[in-house]
Amino acid sequence: NAGVTQTPKFRVLKTGQSMTLLCAQDMNHEYMYWYRQDPGMGLRLIHYSVGEGTTAKGEVPDGYNVSRLKKQNFLLGLESAAPSQTSVYFCASSRPMVYGYTFGSGTRLTVV
Amino acid sequence: GNSVTQMEGPVTLSEEAFLTINCTYTATGYPSLFWYVQYPGEGLQLLLKATKADDKGSNKGFEATYRKETTSFHLEKGSVQVSDSAVYFCALSSENRLAFGKGNQVVVIP
C-alpha cells in the first residue's frame, strides 16, 4: 500500500539546470497537486490536475511546468532552475474534497 | 475566495498540558474542514476532519468541532506528549483543492 510516492527525495541543482520531479499514486485518485513549502510561507499550490490529461495553475506557477499523461502520475518540471526555487516540494492526491489529501513524503531541492 | 487563518506564532508547552490551536475560516457554501500534522522531515498526514456543521472530528486524543456560528475549527488535546511535537495545519475544501493555514509549530517539553 504505497500511497503517494515522490522521486527523488533529495536533489541539488546548479542554476540554469533542468529537472523533473515525479509523483506516483496507486489509489486511483482523480486529483493531483504540487505544493512547495518554505519557512514562514506555509504551503503554496504550484499546479494541479483534476484528471488525466488536464492541468491548471495554482498560486505560484511561474518557472514550473506539469504534465498528467497517465492518471497515476503527475510530473513537475523545472526548465531553468533558480535559487528562488530552493524548497521542499510535496505532491498530493485526492478523491472528492470531502476526503482530504494524501501527501507524499516530499522532495528537498536545493538550487545553487 | 475560501481561506483559513491560524493563530500566529509557535506554541510551547509542558508535557501533560492542555493544547488549543485556533483556526477560523472564511467560506461560501459548506466546506469540509481538516487538521493535518507534519512531523519533522516528513510529509503532512491527515489528523482529523469534519464535513458539516457541529461535526466533531477526533483522532489520537485530538478533537475539533466544526462551528458554523463562529466559523471556527479549533484543535484541542487534553494532555500532550513529547511525541506530539510537530507542525499543525488547518485546511478547508475550496473548489477542487484545499486551502491551508500557515501552520503552527508545537513544541512539547518533557
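Note: hydrogens, waters and symmetry copies are ignored here, and every other heavy atom, side chains too, is used. All chains are named by letter (A, B, ...) in the order of the sequence lines, taking the proteins before the strands, and each is independently numbered beginning at 1.
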Are B/Q45 and A/F103 close enough, and set up right, to give a side-chain contact (heavy atoms from CB on, under 4.5 Å), and what steps lead you there? CA-CA 7 Å; B/Q45 303 173 25; A/F103 279 89; over 6 Å; no
Closest non-hydrogen atom pair between B/K102 and A/M41, with its separation: NZ-O, 4.0 Å
Is there a path from [X] to [Y] through hydrophobic residues (I, L, V, M, F, W, Y) whose side chains come within less than 4.5 Å of each other?
X     : Y     : result
A/L43 : B/Y25 : no
B/Y36 : A/F90 : yes
B/W35 : B/V37 : yes

Atom CZ in B/F100, atom CD in A/Q37: separation rounded to 0.5 Å? 10.0 Å
For A/E79, I'd like to know if atom CD has over 12 heavy atoms of other residues, nucleotides or ligands within 6.0 Å. no
When B/L44, B/L46, B/L98 are each screened for side-chain contact (heavy atoms from CB on, under 4.5 Å) with A/Y101, the one that passes is B/L98
